[in-house]
Amino acid sequence: VSGDRDSFQLINKRVKVLYPLRGISESVTADEAYVEEKYGIKPSLYVQYAALRGDTSDNLPGVPRVGDKTAAKLLNAYGSLEGIQQNLDALTPALRASLAEHRERAILNRRMMTLVTDLDVPEVDSLGWHDWNVDGLKQMIETLEFHSLWDDLSALHPDLAED
C-alpha cells in the first residue's frame, strides 16, 4: 500500500500496489496492466520515465521538452536513458539538444527515485530502542526543520523528553 508512484517500479507478476486515489475512500490496485494503460510503459521502466519527465512530489525537475507522452515514446523506442542517449541523432534537433544538455539531470533523477531493494535487514528482536545519541538526533531534527518530529518521538519514548 503506497500513495507514492515511485512504488510502481516494484510491480511485477507477483507484486501489485494498492494506490490511494482520494484519501482512503478510493484506491486502485496497480498492476502491470494498470501502469501500461496509465503511463504507456512497463513498470520496470517507471523510474526512467519519471526521471525524464520529472517528479514534482519529489522536487525533481524533468528534462525540458519531455512530458509524459514523449518520455513513454522514447523509452518504448530505445529501452533506457542510455538507449535514448545513443540514439539522439534520430530525434528532432530541439529534443536532441534538451536531452543532451540535461543528461546528468535524468541520470541523477533515476538514481534518486530508485528504491533500494537489497538491504540486509537484521532480526526483528534487534530493532528495538537502543542507546541513542540523543543530542545528535535532536540536532539533526532541528537542522532538517522537522519541527513536530521531536514531540512525536518524545511521546513514543518518554526518556527522550527528559534529556
Calculate, to the nearest 0.5 Å, the distance between atoms OG and CD belonging to Ser80 and Gln86 respectively. 7.0 Å
Rounded to the nearest 0.5 Å, how far apart are OG1 of Thr114 and CD of Gln48? 8.0 Å
Sequence neighbours excluded, which residues qualify as salt bridge (Lys or Arg N to Asp or Glu O under 4.0 Å) partners of Arg22? Glu26
When you group the ILVMFWY residues by side-chain heavy-atom contacts below 4.5 Å and let the links chain together, are Val15 and Val47 in the same group? no
Give me the ring orientation class for Tyr39 and Phe8: parallel if the planes are under 30° apart, tilted from 30 to 60°, perpendicular past 60°. tilted
Kindly indicate whether the side chain of Thr29, heavy atoms from C-beta on, has any atom under 4.5 Å from the side chain of Tyr34. no
Would you please name every residue forming a salt bridge (Lys or Arg N to Asp or Glu O under 4.0 Å) with Lys42, sequence neighbours left out? Glu36
I need the minimum non-hydrogen distance between Leu88 and Ala100, along with the two atoms involved. CD1-CB, 3.9 Å
Holding to side-chain contact (heavy atoms from CB on, under 4.5 Å), I want the full list of residues that pass it with Leu108, two or more places apart in sequence or in another chain. Arg111, Met112
Here the pair of heavy atoms bringing Ala106 nearest to Leu52 is CB-CD2, 4.4 Å
Is any side-chain heavy atom of Arg5 less than 4.5 Å from a side-chain heavy atom of Met113? no
Compare every heavy atom of Leu115 with every heavy atom of Asp6, then report the nearest pair and how far apart it is. O-CD1, 3.8 Å
hydrophobic_cluster_shared for Leu144 and Trp150, side chain cutoff 4.5 Å: yes
Quick one: pull up NZ in Lys13 and CG in Asp31 and give me the separation to the nearest 0.5 Å. 10.5 Å
Under a 4.5 Å cut-off applied to non-hydrogen side-chain atoms, are Tyr78 and Leu91 in contact? yes
Set of residues satisfying side-chain contact (heavy atoms from CB on, under 4.5 Å) with respect to Ser27, sequence neighbours excluded: Leu18
Cationic N near anionic O, under 4.0 Å, Arg53 to Asp68: yes
Heavy-atom side-chain contact between Asp135 and Asn133 under 4.5 Å: yes
If I compare all heavy atoms of Gly79 with all of Leu45, which pair ends up nearest, and what's the gap? O-CD2, 3.3 Å
Per-pair distances, 0.1 Å, donor-acceptor, side chain in residues 70-77, under 3.5 Å, sequence neighbours excluded:
unit_1	atom_1	unit_2	atom_2	d
Asn76	ND2	Gly40	O	2.7
Asn76	ND2	Ala72	O	3.0

With a cut-off of 6.0 Å (strictly less than), are more than 12 heavy atoms of other residues, nucleotides or ligands near CD of Gln139? no
Cluster link Ile11 to Leu21, ILVMFWY, side chain under 4.5 Å: yes
Please round to the nearest 0.5 Å and tell me the distance separating atom CG of Leu156 and atom CG of Asp151. 11.0 Å
Can you give each donor-acceptor pair under 3.5 Å made by side-chain atoms of residues 56-65, sequence neighbours left out, with the distance rounded to 0.1 Å?
unit_1	atom_1	unit_2	atom_2	d
Ser57	OG	Asp55	OD1	2.6

Closest heavy-atom contact between Pro20 and Ser2? CD-O, 3.2 Å
For Ala51 against Arg110, the heavy-atom pair lying closest together: CB-N, 3.5 Å
